[in-house]
Amino acid sequence: MSVALRNAQCAVPVRRAALRRAVCALRAALGASRFDVGLVCAGNALMQRLNGAYRQRPEPTDVLSFPFHQVAAGELPRPRCRDEYNLGDIFLGVEYIHQQCRETGEDFDGVLAVTAAHGLCHLLGYRHDTKREWEQMYQKEAQILEELNRLTGSRLRPLTAGLF
């Protein structure tokens, strides 16, 4: 299945092919290769609108996930027809992420891949509202990033490190 990637912002150059490859590898590590994923690279204005509308936090953020299916953490959806082979959509706040990377000195492309991993985990029901949920999500992110690291020679770590 496919990763549909759309760059809806002009503020930050995005290496789309590298990001698509990373998301495909992460999706495979989750056992979800047969599902479509929508990926939107968004600027601060769009992320602020979406965050305000869906989370009542009118401020830019790094990632928002909109699952197509409601599943328990780690479960794959059980589509009934071809049109339901869709995990959902991930909005990456690339302008926000880029600003953070400039402040911390982290590699932008690496952080983008880690943030996409975080968004994919949310599409599969993982949350981080409690310490137990965070631990479960952190373990899954670490697992799929380990696979991406193996394939790419990177040393990426989960986004939610040190949340609790």
Could you pull out all residues at least two apart from E146 that satisfy side-chain contact (heavy atoms from CB on, under 4.5 Å)?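 So E146 forms no side-chain contact (heavy atoms from CB on, under 4.5 Å) with any residue.
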
Without swapping roles, check the side chain of E75 against the backbone of V71 for a donor-acceptor pair under 3.5 Å.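 No, E75 side chain to V71 backbone: no donor-acceptor pair under 3.5 Å.
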
Counting only N and O atoms by type, is there a donor-acceptor contact under 3.5 Å from the side chain of E95 to the main-chain atoms of N44?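 Indeed, once roles are kept as given, a pair shorter than 3.5 Å links the two residues.
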
Could you tell me the separation between the [atom1] atom of [X] and the [atom2] atom of [Y], rounded to the nearest 0.5 Å?
{"X": "L39", "Y": "F91", "atom1": "CG", "atom2": "CZ", "result": "9.5 Å"}
{"X": "L76", "Y": "F35", "atom1": "CG", "atom2": "CZ", "result": "5.5 Å"}
{"X": "I144", "Y": "L26", "atom1": "CD1", "atom2": "CG", "result": "5.0 Å"}
{"X": "L87", "Y": "H122", "atom1": "CG", "atom2": "NE2", "result": "14.0 Å"}
{"X": "L92", "Y": "M47", "atom1": "CG", "atom2": "CE", "result": "7.0 Å"}
{"X": "E135", "Y": "Q139", "atom1": "CD", "atom2": "CD", "result": "7.0 Å"}

Parallel, tilted or perpendicular: ring planes of H118 versus H128, cut at 30 and 60 degrees: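 Taking H128 first and then H118, their aromatic rings sit tilted (interplane angle of 30° to 60°).
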
Taking only residues at least two apart or on different chains, which pairs with a member in residues 15-37 satisfy salt bridge (Lys or Arg N to Asp or Glu O under 4.0 Å)?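 As it turns out, the salt bridge (Lys or Arg N to Asp or Glu O under 4.0 Å) pairs with a partner in residues 15-37, which skip direct neighbours, are R15-D109.
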
Could you report the tightest heavy-atom contact between Y126 and G74, atom names first, then the distance?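 Taking Y126 first and G74 second, the nearest heavy atoms are OH-CA, 3.1 Å.
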
Search all heavy atoms of V14 against all heavy atoms of C41 and return the closest pair with its distance.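 Closest heavy-atom pair between V14 and C41: CG1-SG, 4.0 Å.
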
Criterion ring pair (Phe, Tyr, Trp, His ring centres under 6.0 Å) on F66 and Y54, from CA distance to verdict: CA-CA 10 Å; F66 298 94; Y54 292 98; 4.9 Å; yes

So, N149 and E147: side-chain donor and acceptor under 3.5 Å apart, yes or no?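 No pair is found: no donor N or O on one side chain lies under 3.5 Å from an acceptor on the other.
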
Within a strict 4.5 Å, meaning less than it, do heavy atoms of the R157 and V114 side chains meet?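 No, every pair of side-chain atoms sits at 4.5 Å or beyond.
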
